[in-house]
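Single-structure report; data block below.
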Amino acid sequence: MARRRSRPNHGRRVWYIPDGYLPPLSSGPSELVSHESLCLLNPSPQEAHVTLTVYFEDRDPLRGISLKVPPERTWHVRLDRPEQLGGHVIPRGVPYALKVESDVPIVVQLSRMDVTQPNLALMTTMGYPAE
């Protein structure tokens, strides 16, 4: 029987986040704004060239959002800040999903801070690795 070579489990090139939502309102101190962060970890010794596709229920996908993550670094991309998304805007109050593609294996996590009421909520989830 041939011995199967195991591949190091240090990330994947394609990830999905099925539940995205930027809450439309915030309450409390002005420095607390409801938002989501896409946490990208690049354990590779090479720069990661990452492309995002944003899927919606009632409109065509938003494609071609390009990001770069330096080697052996992490980047928490604020999805409510167009300047971090090459000028692209993800609308608030609209459910969406994400596809994250990279040219080197990375690890992907999504975190949401919801401050639509005084008792804020923080949610985090790992992406689904598609490979």
Identify the heavy atoms of Leu85 and Leu79 that sit nearest to each other, and give their distance. CD1-O, 3.6 Å
With a 4.5 Å heavy-atom cut-off, do Leu38 and Val108 have their side chains touching? yes
Cluster question for you: counting only ILVMFWY and a side-chain heavy-atom cut-off of under 4.5 Å, with indirect links fine, are Val69 and Val104 together? yes
Residues two or more places apart in sequence or in another chain: which of them pass side-chain hydrogen bond (donor to acceptor under 3.5 Å, both in side chains) with Thr74? none
If I compare all heavy atoms of Glu72 with all of Pro43, which pair ends up nearest, and what's the gap? CG-O, 3.7 Å
Do Asp80 and Val89 have side chains that approach each other closer than 4.5 Å (heavy atoms only, starting at C-beta)? no
Do Val100 and Leu40 come close enough that some side-chain heavy atom pair is under 4.5 Å? yes
Which heavy atom in Tyr21 sits nearest to a heavy atom in Tyr96, and how many Å separate them? N-CE2, 3.3 Å
In the single-linkage hydrophobic clustering (I, L, V, M, F, W, Y; side-chain heavy atoms under 4.5 Å), do Val14 and Val107 co-cluster? no
Between NE2 on residue His76 and CG on residue Leu110, distance to nearest 0.5 Å: 10.5 Å
Check for me, please, whether Tyr16 and Leu52 land in the same ILVMFWY cluster - side-chain distances under 4.5 Å, paths through other members count. no
Heavy-atom closest contact (Pro91 atom, Arg59 atom, distance): CG-NH1, 3.8 Å
Closest contact, heavy atoms only, Pro70 versus Asn42: O-ND2, 3.2 Å
In this structure, NZ of Lys99 is separated from CD1 of Ile17 (nearest 0.5 Å) by 13.5 Å
Salt-bridge present (Arg13, Asp103; N to O < 4.0 Å): no
Do Leu98 and Thr53 have side chains that approach each other closer than 4.5 Å (heavy atoms only, starting at C-beta)? no
How long is the straight-line distance from OG of Ser102 back to CD of Gln46, given to the nearest 0.5 Å? 9.5 Å
Taken in chain and number order and not counting sequence neighbours, the residues that satisfy side-chain hydrogen bond (donor to acceptor under 3.5 Å, both in side chains) with Gln84 are none
Shortest non-hydrogen contact from Pro95 to Phe56? O-CD2, 3.8 Å
Would you say that Leu67 contacts Trp75 through its side chain, given a criterion of any heavy-atom pair below 4.5 Å between the two side chains? yes
Compare all side-chain heavy atoms of Ser66 with those of His88 and state whether any distance is below 4.5 angstrom. no
Any heavy-atom pair between the side chains of Leu41 and Ile106 that's under 4.5 Å? no
Are Ile90 and Tyr55 in one and the same hydrophobic cluster, where Ile, Leu, Val, Met, Phe, Trp and Tyr link if side-chain heavy atoms are under 4.5 Å apart? no
